[in-house]
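Written out below as structure tokens is the structure these notes cover.
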Amino acid sequence: MIDGMNDAPGRILHWNFFVGGHLSASVPVRLVERTEAGQLVWMETGTPMWRTKLPRGTSHLRDIAPHARPPGGFPVVADRWPMGSALFYQPADAAHSVLWLFGRRQKFRGWYVNLERRVHHGDDIDIADHELDINVAPDRSWRWKDEQSFTEKTGDPAYWSPDEASAIRSEGRSVVRLAEAGTFPFDGTWCDFRPPPTWTTPPRPPVPRHPLL
């Protein structure tokens, strides 16, 4: 829940991304808007962040089975957010977020639906990733992403049960219906978003205190 928090636009929050219970990345974001329906946050490309220091030859934490990871989590190293800038819509009490993706010169490139479990702790937004995602093009055509790896992780105690997998996919289908209907957040609003010129790039936050979720 996010009730009772400071709603001032520009406030710096911490987006903490967990895969199989282990921290993958911690990135500072700025609050754009908060209402009873949810909140919007802005993540800027190149933002100083922390990421998991993975063994050589491994590109992503999701590629390492939970039983093969250090019990206390991998160490983190300083880095910068390598992806493009994005506006995140995090609807209250929903198991997904919707990203507006922006490229060079803030050109809108489409939406990305991240299926997830989200918990707010003060300035921290803890994201338990559900692996299965959805790409939505500017014309609102869509496709599933990472279906195979989602299926492979189903039944692993570190991830989700078959029943939970069904619920995750159902959540995705509910968002797809919004895209097909062209209703918010796929109605064209926020596609021209520009952060206020007074917003500087957030500084790197302190080292994350909880590498495990």
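Just so you know, residue 1 is the first one in the sequence shown, and it goes up from there. Note that the coordinates shown come from a computational prediction; the quantities given were computed from them, not determined experimentally.
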Is there a side-chain contact (heavy atoms from CB on, under 4.5 Å) between Phe18 and His210? Walk through the geometry before answering. CA-CA 10 Å; Phe18 292 83; His210 54 296; 3.7 Å; yes

*Go through Trp199 and Val32 one step at a time and tell me if the side-chain contact (heavy atoms from CB on, under 4.5 Å) criterion holds.*
CA-CA 11 Å; Trp199 284 8; Val32 175; 3.9 Å; yes

Inset, instruction - Could you walk me through whether Val136 and Phe186 pass the side-chain contact (heavy atoms from CB on, under 4.5 Å) test, one step at a time? - result: CA-CA 9 Å; Val136 183; Phe186 306 100; 4.1 Å; yes

Going through the checks in order, is the side-chain contact (heavy atoms from CB on, under 4.5 Å) test met by Ile125 and Gln90? CA-CA 10 Å; Ile125 309 168; Gln90 300 173 329; 3.8 Å; yes

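Listed for the Ser166 side chain is a donor-acceptor partner under 3.5 Å among the backbone atoms of Pro162.
Proximity of His96 to Pro91: side-chain heavy atoms (C-beta onward) are separated by under 4.5 Å at one or more points. At a threshold of 4.5 Å between non-hydrogen side-chain atoms, the residues Glu131 and Ile168 do not count as touching. Looking only at side-chain heavy atoms (C-beta outward), Pro203 and Ile12 come within less than 4.5 Å of each other. Side-chain contact between Asp129 and Arg62: present, with at least one pair of heavy atoms (C-beta onward) separated by less than 4.5 Å. In this structure, Leu61 and Phe74 have side chains that are in contact, with non-hydrogen atoms separated by less than 4.5 Å. With contacts defined as side-chain heavy-atom distances shorter than 4.5 Å, the pair Pro208/Asn16 does not qualify. Side-chain contact check for Arg30 versus Glu44: every heavy-atom pair is 4.5 Å or farther apart. Side-chain contact between Phe17 and Asn114: present, with at least one pair of heavy atoms (C-beta onward) separated by less than 4.5 Å.
Between Thr151 atom OG1 and Asp146 atom CG the span is 10.5 Å, to the nearest 0.5 Å. We find the CZ-CZ distance between Arg11 and Arg34 to be 6.5 Å, quoted to the nearest 0.5 Å. Note: Leu31 CG to Asp7 CG = 7.0 Å, rounded to the nearest 0.5 Å. Atom OG of Ser24 and atom CG of Leu54 lie 7.0 Å apart (nearest 0.5 Å). Taken from NZ in Lys145 to CG in Leu115, the straight-line distance is 11.0 Å, to the nearest 0.5 Å. Distance check: Leu13 CG to Met43 CE gives 11.0 Å after rounding to the nearest 0.5 Å.
Residues satisfying the side-chain contact (heavy atoms from CB on, under 4.5 Å) test with Arg51, not counting sequence neighbours, are Met49, Val77, Asp79. Shown here are the salt bridge (charged side-chain N to carboxylate O under 4.0 Å, His left out) partners of Glu147, two or more places apart in sequence or in another chain: Arg169.
Ser141 and Asp139 share a side-chain donor-acceptor pair at under 3.5 Å. Donor-acceptor pairing under 3.5 Å is recorded for the side chains of Trp160 and Thr154.
The aromatic rings of Trp100 and Phe184 are tilted relative to each other, their planes meeting at an angle between 30° and 60°.
Aromatic rings of Tyr89 and Trp190 (six-membered ring for Trp) have centroids beyond the 6.0 Å cut-off, not under it. Within the 6.0 Å centre-distance limit, the rings of Trp42 and Phe193 are counted as a close aromatic pair.
Neither Leu23 nor Trp81 shares a network with the other; the hydrophobic side chains, linked directly or stepwise wherever heavy atoms of I, L, V, M, F, W or Y lie under 4.5 Å apart, form separate groups for each. By the criterion of side-chain heavy atoms lying less than 4.5 angstrom apart, applied directly or through intervening Ile, Leu, Val, Met, Phe, Trp or Tyr residues, Val76 is not grouped with Trp15; the two fall into different hydrophobic clusters.
The neighbour count for Arg194 CZ, taken as heavy atoms of other residues, nucleotides or ligands under 6.0 Å away, is above 12.
The salt bridge (Lys or Arg N to Asp or Glu O under 4.0 Å) analysis of residues 101-117, with sequence neighbours excluded, yields the pairs Glu116-Arg118.
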